[in-house]
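What you see is a predicted model; the values in this text were computed from it and never measured. Per chain, numbering begins at 1; letters A, B, ... match sequence-line order.
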Protein chains: 2
Amino acid sequence: MKKKKTTIKDIANVLHISAAAVSKALHDDSRISDKTKIAVRQVAENLQYQPNHLASALRSGKSHLVGVIVPRTNSNFFSSVIQNIEEVLNKKGYNIIITQSNESYQKECDSIDTLLYTQVDGIIASMANETVDLSAYEKIKSKGIPLILFDRGENDLNVDYIGIDDYNSSHLIVEHLVNNGCKRIAHIGGYKRTRIFNNRIRGYTDALKKHQLPLDEELLTESGLTIEDGRVKMLELLSLATPPDAVYVAGDHAALGALQVLKEKNIKIPEEIALVGFGNEPFTDMVTPRITSVHQHSVEIGKQAANAFLKYVDRDTIDQQLNKIILDAKLIVRDSSNKKTSL
Amino acid sequence: MKKKKTTIKDIANVLHISAAAVSKALHDDSRISDKTKIAVRQVAENLQYQPNHLASALRSGKSHLVGVIVPRTNSNFFSSVIQNIEEVLNKKGYNIIITQSNESYQKECDSIDTLLYTQVDGIIASMANETVDLSAYEKIKSKGIPLILFDRGENDLNVDYIGIDDYNSSHLIVEHLVNNGCKRIAHIGGYKRTRIFNNRIRGYTDALKKHQLPLDEELLTESGLTIEDGRVKMLELLSLATPPDAVYVAGDHAALGALQVLKEKNIKIPEEIALVGFGNEPFTDMVTPRITSVHQHSVEIGKQAANAFLKYVDRDTIDQQLNKIILDAKLIVRDSSNKKTSL
DNA sequence: TACCTTTGTTTAAACGTTTAAGCAAATATA
DNA sequence: TATATTTGCTTAAACGTTTAAACAAAGGTA
């Protein structure tokens, strides 16, 4: 019942030439006559020939497949990065395999195994939040497969990295809040063990010092930055003896949770408490009040990550010239923190 | 420089046995002694052996890869479907390759070619909005590769399909609006050529008849259902001689656009105009007022789609017993349409 | 004429597996 | 004891390509 697929040999038989000639004709080899090439292409068309990737990849040692690992795809940031990686790589004849870790270390390891097993030519990844053991990533490196990290990276791995300047973003945010008259700025941060969140925390504390604001331990919290985390941490901040007059949340989802709590408590935003998120997810512009956030240049990150990979395949000599690209983030000021225009 | 990878032969050489024995040992073949199996596994571990998918897939004719085509991944619906497809298939030893069509027919065709080229064992797809030419999908069928459609399907293709009951969902919505006292219900619909949107439109008109409401042509519009489309269509409806007192939008993003316009015009929701969306995207629960919407059972759809595929691989005889699974959708009533509880 | 090049092709091996078939040794059966 | 069965392996072919090497024929050069 199952249709058997047309191979290069079937084409060869029709034309009474060798399979090798067909292969070369299809690859436009200069040593094949135009007559033969035209005939081959014609027959290939007629027989609905579909090249077998498995065979060619096995023989040539190049799969032309690139694995992409993201914590999840249902965020605008990751989905946009992926789209741009794909765009750049498709042009160069590469296809991508997307896998989601769902922020799980175990799933991430499985994904890596699958990708290695599938013989991808390279891996572009953003690490799960809970990932601390880097051995799975070391494995990629040890196999000599190009590895590029973006957003959630790790210095210790010593691989290419594309991301935004998290440290400086915190400075931008604090500065913006100070300019809006805030004096007691809290930070609902991510876990310090994740490099980007650590950088945001460092940026936050250093910026406070710079502006000679009190560095109050109870104003700095760590969490997984889910909506629920945002709610819980906001409630905690509100119950302090002296609550903050501004909250900088290291992720938009948690910022949304915080916003919900503030609205439920009828606290005026930004007058009583100003709010800033991170990531510029579309919903920050949809809710009331619209949330100030940081745009992470997903388009640029995607393109740069793809290009970083392409650099590896272009050169045969792997002279490990590391690329660390840090882009400047952009603060998108909206109602939730802008006291000046809301007057 | 490039590390060369360990193969089955390397393991064989170490143990002075044949490659075939190693292959069988790794597959736990009953004809291999436990002693050998243990030894093989040990050496495989030591040499960091990684099976080569290309070789085994080529030889066995089964890639254990399933292609998934979606219009986009940055919607909660598709991302959730994907996650559940993956979950079910992983358990059975399959991995998935995700591709996005970005609602483009051309990109969809490219994706299909890539997937066929990659020798996937099956394809699970949701069609792009603009797709009308089905030849690319016919190609999949003609190669004898299992094809399962979900959400955005096509009856003419005669393949398995999993989706919700769009026609009936419209009835639920209209009924709900009628119960809330609405008498002039508009529909901002998708393009009629897409089956699901056509069904929603049919459901809308039939439900109006059923409740003896006027079927006004100017209250029914078609569009691509982007946020901007929602804005434009809402503005049009407001400029009518007698504007509607309820608007049923066939997609949440367009519903959001409509909501923005209503808020800008200071129109009371739901008192003056009630609003209902479709898809139950997370943001419907985040905005003010929260938008009533239809939950599409993404979890169930993902699982069922994966199982539909698995049915094909389990049986060798392809006795084309078609699965058409239509799930009941669920109306999630929120502030934007609920006049009773908002009193 | 003899030799070199170019053109267009074929041959054969290789990529890393799987698997049908074969076979020797050990064990069971009669 | 002779024969059958089971156990545990080996051999070799195959999957569909690519590619290095070989080579015949045609054309060019000295």
**Study point:** Euclidean distance, B/T73 OG1 relative to A/I98 CD1, rounded to 0.5 Å
**Key:** 6.0 Å
In whole Å, what is the span from the [atom1] atom of [X] to the [atom2] atom of [N]?
X      : N      : atom1 : atom2 : result
A/I11  : D/dG16 : CD1   : P     : 13 Å
A/L47  : D/dG16 : CG    : P     : 14 Å
B/D29  : C/dT19 : CG    : C1'   : 10 Å
A/Q119 : D/dG16 : CD    : P     : 19 Å
A/K5   : D/dT17 : NZ    : C1'   : 15 Å
A/D10  : D/dT17 : CG    : C1'   : 13 Å
B/L26  : C/dT17 : CG    : C1'   : 11 Å
A/I8   : C/dC15 : CD1   : C1'   : 15 Å

Set of residues satisfying side-chain hydrogen bond (donor to acceptor under 3.5 Å, both in side chains) with respect to [X], sequence neighbours excluded:
X      : result
B/Q83  : none
B/N307 : none
B/T194 : B/N129

Practice item. Would you please confirm or rule out a distance under 4.0 Å between OP1 or OP2 of D/dT18 and any side-chain N or O of A/S23? Key: yes
Ion pair check, [X] and [Y], cut-off under 4.0 Å:
X      : Y      : answer
A/E130 : A/R193 : no
A/R195 : A/E154 : no
B/K143 : B/E138 : no

Exercise for review: Compute the angle between the rotation axes at the two ends of the helix from C/dT1-D/dA30 to C/dA30-D/dT1, each taken over five pairs, rounded to 10 degrees.
Suggested key: 50°
Point to revise | Close residues, residues 49-61 of chain A, relative to DNA chain C [heavy-atom separation under 4.0 Å] | key: A/L58, A/R59
Review point. Is B/N13 reaching over with its side chain to a backbone N or O of B/D10, donor-acceptor style, under 3.5 angstrom?
Key: no
Check your understanding: For A/K324, does the NZ atom have more than 12 heavy-atom neighbours from other residues, nucleotides or ligands under 6.0 Å away?
Key -> yes
**Study point:** Residue pair A/Q304, A/I301: steps toward the side-chain contact (heavy atoms from CB on, under 4.5 Å) verdict
**Key:** CA-CA 5 Å; A/Q304 298 267 19; A/I301 290 179; 5.9 Å; no
Practice item. Indicate the ring-plane relationship of B/Y94 and B/F309, choosing parallel, tilted or perpendicular according to the 30° and 60° boundaries. Key: perpendicular
Return the polar atom pairs (N/O with N/O) between nucleotides 6-10 of chain D and the protein under 3.5 Å, or none.
from: D/dG8; atom 1: N7; to: B/R31; atom 2: NE; distance (Å): 3.2
from: D/dG8; atom 1: N7; to: B/R31; atom 2: NH2; distance (Å): 3.3
from: D/dG8; atom 1: O6; to: B/R31; atom 2: NH2; distance (Å): 2.9
from: D/dC9; atom 1: OP1; to: B/T36; atom 2: OG1; distance (Å): 2.6
from: D/dC9; atom 1: OP2; to: B/S33; atom 2: N; distance (Å): 2.8
from: D/dC9; atom 1: OP2; to: B/S33; atom 2: OG; distance (Å): 3.0
from: D/dC9; atom 1: OP2; to: B/T36; atom 2: OG1; distance (Å): 3.0
from: D/dT10; atom 1: OP1; to: B/S18; atom 2: N; distance (Å): 3.2
from: D/dT10; atom 1: OP2; to: B/S18; atom 2: N; distance (Å): 2.8
from: D/dT10; atom 1: OP2; to: B/S18; atom 2: OG; distance (Å): 2.6
from: D/dT10; atom 1: O4; to: B/K24; atom 2: NZ; distance (Å): 2.7

